[in-house]
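Just so you know, these numbers use all the heavy atoms, side chains as well, and skip hydrogens, waters and symmetry mates. Within every chain, numbering begins at 1; the chains are lettered A, B, ... in the order of the sequence lines, protein sequences first and strands thereafter.
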There are 2 protein chains.
Amino acid sequence: MGRSPQHVIGFDLGGTKMLATIYDPDGKAIGSSKRKTRGDQSADGIFADICQTLFKAIAEANLTPEDLAGIGVGAPGPLDMAKGILLATPNLNLRRFPLKDRLGKEFKCPVVVENDVNAGTYGEFVAGAAKGFKHVLGAFPGTGIGGGLVLDGKLYRGATGAAGEIGHMILQADGPLCGCGQRGCLEALASRTAIAKEAIGLAANGTSPTIMVQSGTDLRRVTSKALKKAVEAKEAPVIALINRSATYLGMGIANAVNLLNPEVVVVGGGLVEKFGRDYLKTVETALRRFAMPGLVADVKLVAAKLGDDAVARGAAALLLVALAAESTT
Amino acid sequence: MGRSPQHVIGFDLGGTKMLATIYDPDGKAIGSSKRKTRGDQSADGIFADICQTLFKAIAEANLTPEDLAGIGVGAPGPLDMAKGILLATPNLNLRRFPLKDRLGKEFKCPVVVENDVNAGTYGEFVAGAAKGFKHVLGAFPGTGIGGGLVLDGKLYRGATGAAGEIGHMILQADGPLCGCGQRGCLEALASRTAIAKEAIGLAANGTSPTIMVQSGTDLRRVTSKALKKAVEAKEAPVIALINRSATYLGMGIANAVNLLNPEVVVVGGGLVEKFGRDYLKTVETALRRFAMPGLVADVKLVAAKLGDDAVARGAAALLLVALAAESTT
């Protein structure tokens with residue numbers, strides 16, 4: 001009997017963890033493996049961990065590498081997508097790393113490498129909160145704010161594969177400084193980092209005793225957990241910061257809705273997972289307030305469903321899309 | 001010999017003028033007709049003018065209606081595109097007017113009705129400044145600011161045909177009031193109306209004698225011509241207003257570039273036609289300053305080429321796209 005590979009792996013290469021999941025031909029997860037990303041290793045060390053994680057997932061699914069139709073990878077940008085090269089990955093010691101070639105040689109199968117936010121949005125589109133829609137905007141507020149687009153039922157990458165940068169949309173000309181060097185970007189107004197910057201001010205002036213206890217006035221110590229504790233302690237100034245950030249996220253989404261006229265907006269990521277329904281409600285109120293009425297009337301705003309599985313799920317689906325495109329050309 | 005229609009008409013229904021142009025199978029204009037739009041007539045009166053203009057263009061081209069493969073119309077929104085109904089056209093006495101059906105009956109040929117900014121962007125894509133590109137953003141600053149998108153070589157309309165509203169992207173949270181009721185929209189910062197609002201302030205306080213002479217302090221009398229005279233008189237405060245508006249336009253385009261990753265941005269409309277190269281240079285400087293470096297590096301910013309012909313040209317091309325899609329289904 002010849003080889004008849006029908007299973008695919010989705011792989012999520014994150015800055016803190018990596019996850020490999022095997023999907024059967026029906027898209028069902030039948031085995032997975034996860035480990036901490038040790039970003040301070042050499043590139044070869046990181047690559048060895050990646051391979052180990054993939055091999056372990058394959059074994060979990062009682063398969064061998066020969067059973068794989070290919071590997072779909074979601075990785076943080078910037079990427080050279082066509083060549084599958086990680087150009088300069090934050091928190092990972094990878095510079096111009098040819099992940100696609102290396103994995104292709106190791107596993108002897110097709111590999112696609114996609115931006116992780118794109119893969120996550122696509123995962124929600126094929127199997128999550130945006131299933132059944134054709135025009136999808138994904139927004140993922142966390143340390144930064146990532147965005148992804150599915151237009152006319154296809155992942156939209158733009159001219160050079162960099163589309164979807166909703167986080168660097170300027171919403172407040174000359175507003176607060178962003179990590180990108182501009183001022184007033186959505187990310188500088190609504191990310192966890194933006195909230196943290198103001199929270200340490202509250203700690204310093206005594207209006208947030210909880211943040212003072214949890215984080216002091218050290219920006220990098222203001223975790224989502226510390227913010228959550230302050231919210232649970234009903235500290236009004238911290239609650240106001242979270243609401244303000246959700247309102248700006250809604251405004252940024254409104255701008256994108258006016259431009260793209262999607263059917264559904266999927267919001268996921270750290271802040272949604274931490275602050276849940278209240279946060280999303282505030283985002284939605286702002287979206288409906290700031291978008292054009294005719295454009296927003298039918299738009300659904302939904303919470304991401306797949307959580308940590310979204311990127312792997314989407315990357316696996318995008319591999320199948322790439323294989324199908326190849327077989328028709 | 002049976003009928004073998006190979007020519008198409010593009011029709012631009014504007015608030016101040018209407019234009020019909022006949023294109024031969026090579027896309028060459030071979031006859032056209034133009035007249036003032038008399039928007040205060042009854043709907044039937046306006047429709048009669050539309051038909052007259054079309055018949056005249058057909059005669060100009062030495063053709064008869066039987067020679068037409070169809071009519072492509074560009075009209076101001078809001079529209080029900082699928083049904084070809086003009087819902088409520090500003091400056092025209094048309095409410096829920098079934099233009100597609102009426103023209104179809106009159107000329108016995110297929111008709112498509114498209115948003116005029118979309119048609120204009122598409123015209124620049126097929127035959128103007130964006131010819132040869134696949135991913136195009138069109139921005140047209142004038143009384144308002146319209147936008148159109150060509151993505152992957154196709155006009156992008158979004159879920160309900162309303163995509164492209166770059167003018168109501170909020171750039172300055174809580175900024176100046178916009179005609180749409182929001183604050184800080186691109187249109188409220190960079191349209192001719194936005195410039196005019198500040199120019200009458202300059203007239204009133206004596207810093208722009210030219211505007212005072214041309215327009216007094218009456219907002220509706222501040223025409224592009226009046227502004228141009230003040231610029232020619234080297235009135236620095238008026239020049240600063242125009243530059244500021246161009247800078248905000250560049251910022252708005254930067255936001256759209258970050259989201260959509262186009263190859264080319266076409267800028268046309270009243271302000272470009274009036275203030276030309278200097279205006280565009282300021283727009284481009286702002287675009288390159290405010291967009292993400294990796295995304296904007298390869299983006300070209302170009303002036304629209306087709307001027308008043310863009311909408312008719314694009315509408316004619318979109319008719320052909322619709323006919324081709326029908327013939328394959």
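Judged purely by atom type and a 3.5 angstrom limit, B:R288 uses its side chain to pair as donor or acceptor with the backbone of B:V296.
Within the 4.5 angstrom heavy-atom criterion, atoms from both the backbone and the side chain of B:E263 approach chain A. For a residue to count as touching a neighbouring chain, one of its non-hydrogen atoms must lie under 4.5 Å from one of that chain's; by this rule B:A254 does not touch chain A. Only the backbone of B:R157 has a heavy atom closer than 4.5 Å to any heavy atom of chain A.
Ranked by non-hydrogen atom pairs under 4.5 Å with chain A, the options B:I170, B:L186, B:I166 are led by B:I170. In terms of heavy-atom pairs under 4.5 angstrom with chain A, the leader among B:V299, B:V257, B:D152, B:L295 is B:L295. Counting heavy-atom pairs under 4.5 Å between each of A:A163, A:A291, A:G161 and chain B puts A:A163 at the top. Considering only heavy-atom pairs separated by less than 4.5 Å from chain B, the leading option among A:P262, A:G167, A:G158 is A:G158.
No salt bridge links A:E124 with A:K131; every basic N to acidic carboxylate O contact stays at or beyond 4.0 Å.
Between A:Q172 and A:Y248, the side chains place a donor N or O and an acceptor N or O closer than 3.5 Å (distance only, hydrogens not considered).
The distance between the ring centers of A:H135 and A:Y156 does not fall below 6.0 angstrom.
Contact record, A:M251 with B:A173: CE-CB, 3.9 Å, taken as the closest heavy-atom pair.
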